[in-house]
Amino acid sequence: MPELPEVEVVRAGLDGHVTGRTIAAVAVLHPRAIRRHLLGPADFTGRLAGRTIAAAQRRGKYLWLELSDETNPDIALLAHLGMSGQLLVQPVGAPDEKHLRVRFDFTDGGPELRFVDQRTFGGFLVDDLVTVDGARLPSAIAHIGRDPMDPDFSVRAAVAALRRKKTELKRALLDQTLVSGIGNIYADEALWRSKLHWTRPTEGISLAKATEVLAAATDVMREALGQGGTSFDALYVNVNGQSGYFDRSLAVYGQEGLPCGRCGTAIRREPFMNRSSYFCPRCQRRSRS
DNA sequence: AGTATCCCCTGAGCGC
DNA sequence: TGCGCTCAGGGGATAC
């Protein structure tokens with residue numbers, strides 16, 4: 001489940017269900033799920049067995065479990081859900097899901113953690129923790145910018161970085177090095193709220209407008225989190241397999257042909273990077289160039 | 001160096 | 001029924 005609110009729902013679920021527990025064994029059922037762990041499956045499982053989960057953390061759409069050990073330095077099990085990844089807490093012995101990729105068993109014999117991923121874009125790696133700009137995070141995501149839910153997120157810095165870009169506004173919003181956590185849904189929602197067209201050049205955008213669109217992204221993601229995230233189908237669920245409800249509150253995403261909630265004009269869809277951009281053609285005028 | 005395109009996958013839904 | 005096409009909450013690797 002892709003964007004920040006959905007990943008945060010999963011992180012919170014993991015914190016409640018696996019923090020404090022010790023990993024007994026890990027079974028990698030599909031090698032693609034750990035393709036980013038370059039030392040391979042034996043190293044992956046070997047480094048996890050016997051480790052205790054100290055905390056569940058998140059930055060943007062990445063989440064990780066901090067793993068403590070009496071003798072070794074702390075490491076992290078870094079995860080990305082890709083387009084279709086789920087982390088599920090399941091009773092031992094529950095039937096395997098069709099797309100079960102990795103299983104984590106615990107020494108307490110309690111519910112196991114399962115990674116289920118239809119499209120296999122998601123996956124794990126075991127990584128060292130490093131300090132970047134005062135934050136402790138896995139080295140593989142040192143390039144990922146702070147997200148708007150981070151207490152140390154700087155609106156000023158994010159606005160400045162956005163205005164330095166020479167690209168379309170939506171591309172900048174999706175750039176995870178700039179501000180992390182925003183994906184296709186919340187980018188479109190933020191653009192609608194701030195009445196900006198997705199192709200608007202970042203070059204020349206005013207300080208006020210840049211600030212407004214980032215504030216809108218923050219607001220919409222916070223609201224979505226309050227509803228348990230956005231789910232159109234069973235692919236996007238929390239660790240207990242339950243869906244969020246924010247899809248009912250979407251203003252433009254997936255709303256092609258339906259009336260804009262502000263002006264009544266039919267919402268339009270345009271191709272964008274092998275997917276889509278949804279917007280109101282009246283509220284969000286294309287800037288002339 | 002910064003930006004843009006191409007892929008990695010599986011499955012659902014649609015028109016023919 | 002089945003085929004072929006489009007589409008899907010992402011991002012790394014490569015090409016410009």
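Throughout, protein chains are lettered first and strands after them, A, B, ... in sequence-line order, and every chain is numbered starting at 1. Quantities reported herein were computed from a predicted structural model and do not represent experimental measurements.
Comparing C/dA8, C/dG11, B/dG11 against the side chain of A/Gln118 picks out B/dG11 as the nearest. Minimum atom distance to the side chain of A/His143 is reached by C/dG12, of the listed C/dG12, B/dG11, B/dC9. Listed candidates were C/dC7, B/dG11, B/dC9. Nearest to the side chain of A/Arg269 is C/dC7. Comparing B/dT10, B/dC8, B/dC7 against the side chain of A/Arg32 picks out B/dC8 as the nearest. Looking at the side chain of A/Arg36, the nearest of the listed nucleotides C/dG11, B/dC8, C/dG12 is C/dG12. Side-chain atoms of A/Tyr62 lie closest to C/dG12 of the nucleotides C/dA8, C/dG12, B/dC9. Taking every side-chain heavy atom of A/His80 into account, C/dG11 is the closest of C/dC7, C/dG12, C/dG11.
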Within the sub-3.5 Å range, which N or O atoms of nucleotides 1-5 of chain B have a protein N or O partner, and how far apart are they?
{"residue": "B/dT3", "atom": "OP1", "partner": "A/Lys166", "partner atom": "N", "Å": "2.8"}
{"residue": "B/dT3", "atom": "OP2", "partner": "A/Lys165", "partner atom": "NZ", "Å": "2.8"}
{"residue": "B/dA4", "atom": "OP2", "partner": "A/Thr167", "partner atom": "OG1", "Å": "2.6"}
{"residue": "B/dT5", "atom": "OP2", "partner": "A/Arg171", "partner atom": "NH2", "Å": "3.1"}

Under-3.5 Å N/O pairs linking protein and nucleotides 14-16 of chain C:
none

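Here A/Trp192 and A/Phe279 keep their ring centres 6.0 angstrom or further from each other. Checked against the 6.0 Å centroid criterion, the rings of A/His37 and A/Phe124 do not qualify as a close aromatic pair.
For A/Glu8 (side chain) and A/Leu4 (main-chain N/O), no donor-acceptor pair under 3.5 Å exists by modelled atom type. Side chain of A/Thr131 to backbone of A/Gly134: no donor-acceptor contact under 3.5 angstrom is found.
Taking OH from A/Tyr278 and CD from A/Glu189, the interatomic distance works out to 11.0 Å, rounded to the nearest 0.5 Å.
No hydrogens or angles considered: nothing links the side chains of A/Gln118 and A/Gln86 as a donor-acceptor pair under 3.5 Å.
The pair A/Arg136-A/Asp74 fails the salt-bridge criterion, with no side-chain N (NZ, NE, NH1 or NH2) lying under 4.0 Å from an Asp/Glu carboxylate O.
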Inset, instruction - Any chance you could encode DNA chain B as dot-bracket? Rule is Watson-Crick or G-U wobble with both distances under 3.5 Å; [ ] for pairs crossing earlier ones, | for another strand. - result: .|||||||.|||||||
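Distances shorter than 4.0 Å separate some side-chain N or O of A/Ser276 from OP1 or OP2 on C/dA8.
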